[in-house]
Amino acid sequence: MIPLNTDTEFTMNGYRYNPLEIENKWQEKWELGHSFKATHKDSRPKYYVLEMFPYPSGRIHMGHVRNYSIGDVVARLKRMQGFNVIHPMGWDAFGLPAENAAIKNKSHPARWTYENISYMKAELKKLGYSYDWSRELATCHPGYYKWEQLFFLKFMKKGLVYRKKAPVNWCPKCLTVLANEQVEAGVCWRCDSVVEKKELAQWFLRITSYAEELLEFLDSLSQGWPERVIAMQKNWIGKSTGMEINFQVEGLDQAIRVFTTRQDTLFGATFMSLAPEHELVPELIRDSPDKDRIAGFISNVSRMDQISRTSENMEKEGFFTGKYCINPVNGEKMPIFIANFVLVEYGTGAVMAVPAHDQRDLEFARKYHLPVKVVVQPEDGSVLSSELESAYAGPGTMVNSGQFTGMDNEQFKEAISDHLEQRGLGKKTVNYRLRDWNISRQRFWGAPIPVIYCQKCGPVPVPEKDLPVVLPQDAKMPEDGRSPLPDLQSFLEVECPECGSPGRRETDTMDTFVESSWYFARYADARNEQQPFDREAVDYWLPVDQYIGGIEHAILHLLYSRFFVKALRDLGYMDIDEPFSNLLTQGMVLKDGAKMSKSKGNVVDPDEMINKYGADTVRLFCLFASPPEKDLEWSDSAIEGAYRFLNRLWRLVMELLPELKPVGPCADMDHDALEPEEKALRTKEHESIQKISRDMNDKFQFNTAIAGIMELVNAIYLFKDESKDSPNRREVLSSAVSSVLTALSPITPHICEEMWSKMGYDCPLSQSLWPKYDSRALHREEVLVVIQVNGKLRSRISVPADVSREELKVLAQNDEKAIKHISGKEIVKMVIVPQKLVNIVVKD
RNA sequence: GCGAGAGUGGCGGAAUUGGCAGACGCACUGGACUUAGGAUCCAGCGGGAUAACCGUGGGGGUUCAACUCCCCCCUCUCGCACCA
């Protein structure tokens, strides 16, 4: 319920703050006036502000409201500061929930999706965001995914796409495979099911061929991106430099290739550990008497789910294959083991075990009574023996290392690398943790992968002229949750474009992260039907100057998008290296200390809040309660506070309305001619604009910017009651009120527009310019100076701003309160900070 | 274990980067107006015998002066984690 305002002052001009009425009115005006439509034929500098587009799940939630309110403030602010701003919005519209809803409602996923989009679009409009809706896109529209399919074909031609049969991550609940990035601690990123391994032929994007560039360019982002996002990406790419070394298998014409970053410990390698899935394993165990037991062990391990297999307290286990390999530097025989902790995906799937200098190898060696050989002695004087309790991984001097004994291990690392390379026993390599991106999904509601399997020609790309491969409208979703495509003859049956024989369409669709990897580029030219986007438009608008979204996309979406931009650049579609120059990761919206969720029953519905308080109040609360990167705790009383502030401002302006004139914010006037209170207010106004501009622009600290606005409002309240009537009173008041409305307008645009127009302005605030403070107005005649004695605050005095250091010294020493603390003591020193502070240092 | 960040009143949070700790707001207390107050206005609001003094997670240090810089430690949040 909106509290009914009946107080006399409030209604005296007949205007009551009615948020919904005002908001409707201005939203309509903006829409009819195409106020936020952007075009690249413009001489102003461009500014691209983008918020991560939403999945059309049904309703907007508070997380969206916060995200989009932050973005809208940036957009409106930059517009007022003279930029040509593009601020688009669209829908990340493919994905599994639509399929589930379709099964439930016995309809088509498209229907649910488009209904949600229209509902949520109305919600966004009610919040008054300054989007250029003419660029709206939905990724499930063939007009969008057609170009994605084109990119797929271009990638294919360039060797950036390949199909391979591989053990892949399978989510038993989503009935589809997942990319490595989508498996979090062994469970599905979306539904938390434990992920299984499955052997399937899948389509991969060769993101690893950009691994080095993706890593290197992180440095160029360090100014504009949060450090932790960069750290997470670095970590994910996981570069390590080392060597690949070959170990000849005894009695076989085969070598085992290992990857190591500690080639300096090669003399200490006493056995070999292979991943159970290593390709040589079958051959190595063929003649083993233990063959069956080993095979059982291998199938046990490889069938294990990711969680238990990679958990820390998993017991290290292995089996001896019965075979040996030869240490290339000392010719020693090393037993070959199969070990459950060796990962086939990383490095070469084989590890040279150096128990003295690697904790895992040590544990394994102790368990199976394998030799431990120290080859690096620490330089602190302690002497390690093979009895050591924990492995030593630090630096030191080489021992037991043939002719290299006595060398520093770091130098030796270089020496042994050259030594091995010269003899053809190994080579220096760089290894990445990053894997290629599996984009195949066994789902219906996604962009079809444009490939046809021909009985004769094999997989054949769909010719570009036949794009898009459209998702069938007549598909019926099977009850069991599988994709309908593999059973849909009308979709499936097709002629081979190369030889004309019967072919079958690929039924896998693309990972939905593919759509979100390039949507920001499509916004530059969203209605283009000839090509993905016009080169001129993309060159003008991209990169995104400010990207805003949740930290949960720190790796997935941001890494994929960076990869896409680099790949599209190399295909000649654009000329930038990175998509997002600046990134702001906003915190979550919490209620009772937890993320809002239906299951916890702590959801606050934005619609309800808008109906109760209006969009301006909801926006104000979201921006005021916490700085953007931090989590925001929802508070019913704090939103009341935001509403109260807007009412208070409304009352102030309505009361003063008869006096106010459209003089503009920070209006020019003869400062010296003003009364003292007028000077004070004018100075406060200009100081506030200085502070607010700084907080908003440089730091996106909207919370402190709003605090600054509130202070200015408080100052106006004081002024209106205390100042005398004078020739300049109206100008001073009008300017200050105009500054408040202008500065607040990016945050609460509707109420500000309304009061602005009531003040008599013709040009709407949304098209006005951000005020410039006059540094002359910042000058105060009197300043407050703090007096300390031995660093402790003792007094405050008001002095003329231009007082000299000497005068200040005298004033401070003669200050009554200061005298109490210095009398009878010797003044050792006086520290003067002009206009601020005097510190008198005394001793007894 | 590695990486990133945080720790300030009853609460959310400020502090121009070394110069008045607690801006702004919420909550609370007292008062005014009032049939009424959940509206509004005024005042107060870190602790403390309202005096000294003590206070920014703890302990040291640098400095005339430390929330801020340096060293050690504790706690919490997030991410990664048997990565060879």
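Protein chains get the first letters and strands the later ones, always in sequence-line order, with residue 1 at the start of each. Bear in mind that the values here come from a model prediction, so they are computed numbers and not experimental data.
Rounded to whole Å, the separation between the P atoms of B:G46 and B:A39 comes to 23 Å. B:A6 and B:U16 are spaced 15 Å apart, taking the P atom of each and rounding to whole Å. Of the P atoms belonging to B:G59 and B:U68, the separation is 13 Å, rounded to the nearest Å. For the C1' atoms, the distance from B:U29 to B:G10 is 13 Å, rounded to whole Å. Annotation: B:U75 and B:G58 have their C1' atoms spaced 10 Å apart (nearest Å). Going from the C1' atom of B:C26 to that of B:G9 covers 13 Å, rounded to whole Å. When the C1' atom is used for both B:G1 and B:C71, the distance is 23 Å, rounded to whole Å. Rounded to whole Å, the C1' atom of B:A27 lies 7 Å from the corresponding atom of B:C11.
Picking from B:A84, B:G3, B:A81 the nucleotide with the shortest atom distance to the side chain of A:R433 gives B:A81. Here B:A84 is the nucleotide among B:A4, B:C26, B:A84 with the atom lying nearest to any side-chain atom of A:T261. Relative to the side chain of A:P627, the nucleotides B:A15, B:C20, B:G13 differ in distance, and B:G13 lies closest. Comparing B:U40, B:G19, B:A84 by their closest approach to the side chain of A:R644 singles out B:U40. Closest to the side chain of A:V841, from the set B:A4, B:C64, B:C20, is B:C64. Closest to the side chain of A:L784, from the set B:G25, B:C20, B:A84, is B:C20. Nearest nucleotide to the side chain of A:M232, out of B:G19, B:G79, B:C78: B:G79. When distances run from any side-chain atom of A:N235 to the nucleotides B:C24, B:C80, B:A84, the shortest one goes to B:C80. Of the candidates B:G12, B:C82, B:C41, the closest approach to any side-chain atom of A:R651 belongs to B:C41. Taking every side-chain heavy atom of A:F624 into account, B:G12 is the closest of B:A23, B:G12, B:C20.
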Next item on the list: Report the C-alpha distance between A:F621 and A:Y613 in whole Å, list the side-chain angles of each, state the deciding distance to 0.1 Å, and finish with yes or no for ring pair (Phe, Tyr, Trp, His ring centres under 6.0 Å).
Entry: CA-CA 11 Å; A:F621 166 77; A:Y613 301 108; 9.5 Å; no
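A:S635 comes within 4.0 angstrom of no nucleic acid atom, judged by non-hydrogen atoms across all strands. Residue contacts for A:R435: at a heavy-atom cut-off of 4.0 Å it reaches no nucleic acid atom on any strand shown. Residue-level contact check: A:G641 touches the backbone only, with heavy atoms under 4.0 Å from sugar-phosphate atoms and none from bases. The residue A:E633 sits apart from the nucleic acid: no heavy atom pair falls under 4.0 Å. A:K792 comes within contact range of the sugar-phosphate backbone alone, with a heavy-atom separation under 4.0 Å but no base atom that close. Using a 4.0 Å heavy-atom cutoff across all strands shown, A:D631 reaches sugar-phosphate atoms only and no base atom. Note on A:V342: a base of the nucleic acid sits closer than 4.0 angstrom, heavy atoms only. Residue-level contact check: A:N714 touches the backbone only, with heavy atoms under 4.0 Å from sugar-phosphate atoms and none from bases. Residue A:N703 is classed as a sugar-phosphate contact, given heavy-atom separations below 4.0 Å to backbone atoms only.
Nearest heavy atoms, A:E244 versus A:T348: OE2-CG2, 4.1 Å.
B:G55 atom P lies 16 Å from atom CG of A:L793, rounded to whole Å. Atom CD1 of A:I555 is separated from atom P of B:G3 by 17 Å (rounded to the nearest Å). Distance CD (A:Q359) to C1' (B:C82): 11 Å, rounded to an integer number of Å. In this structure, CG of A:D695 is placed 10 Å from P of B:A14, rounded to the nearest angstrom. Per the geometry, CG belonging to A:L620 stands 16 Å off P belonging to B:C24, to the nearest Å. The separation between A:W236 atom CH2 and B:G3 atom C1' is 15 Å, rounded to whole Å. Separating the CZ atom of A:F247 from the P atom of B:A84 is a distance of 16 Å, rounded to the nearest angstrom. What separates CZ of A:F341 from P of B:G1 is a distance of 21 Å, to the nearest Å.
Base pairing analysis places B:G38 opposite nothing; no Watson-Crick or G-U wobble pair with both distances below 3.5 Å involves it. Base pairing analysis places B:G25 opposite B:C11; the two distances defining the Watson-Crick or G-U wobble pair are each below 3.5 Å. Remark: B:A4 base-pairs with B:U77; criterion is Watson-Crick or G-U wobble with both hydrogen-bond distances under 3.5 Å.
For B:U17, the O4'-C1' to base torsion is within 90° of 0; the nucleotide is therefore syn. Within 90° of 0 lies the glycosidic angle of B:G9, which makes this nucleotide syn. B:U16 shows a glycosidic angle more than 90° from 0 and is accordingly assigned anti.
A 4.5 Å side-chain heavy-atom check between A:P355 and A:T270 finds at least one atom pair inside the cut-off. Using a 4.5 Å cut-off on side-chain heavy atoms (C-beta onward), A:I716 and A:L656 make contact. Within the 4.5 Å cutoff, the side chain of A:L280 has no heavy atoms near those of the A:I336 side chain. A:N169 has its side chain within reach of A:K197: a pair of non-hydrogen atoms, C-beta onward, lies under 4.5 Å apart.
Phosphate contact (OP1/OP2 of B:G19, side-chain N/O of A:K836, threshold under 4.0 Å): absent. In terms of phosphate contacts, A:Q835 brings no side-chain nitrogen or oxygen within less than 4.0 Å of OP1 or OP2 of B:U16.
The 5' end of RNA chain B is approached more closely, in terms of each residue's nearest nucleotide, by A:R228 than by the other of A:S626 and A:R228. Between A:G791 and A:K630, the residue whose closest nucleotide on RNA chain B is further toward the 5' end is A:K630.
For the pair A:K316 and A:F341, the distance from NZ or CZ to the six-membered ring centre is under 6.0 Å and the angle to the ring normal is within 45 degrees.
Using a cutoff of 4.0 Å between basic side-chain nitrogens and carboxylate oxygens, A:K691 and A:E711 are not scored as salt-bridged.
Ring to ring, A:F271 and A:Y368 are not that close: their centroids are 6.0 angstrom or more apart.
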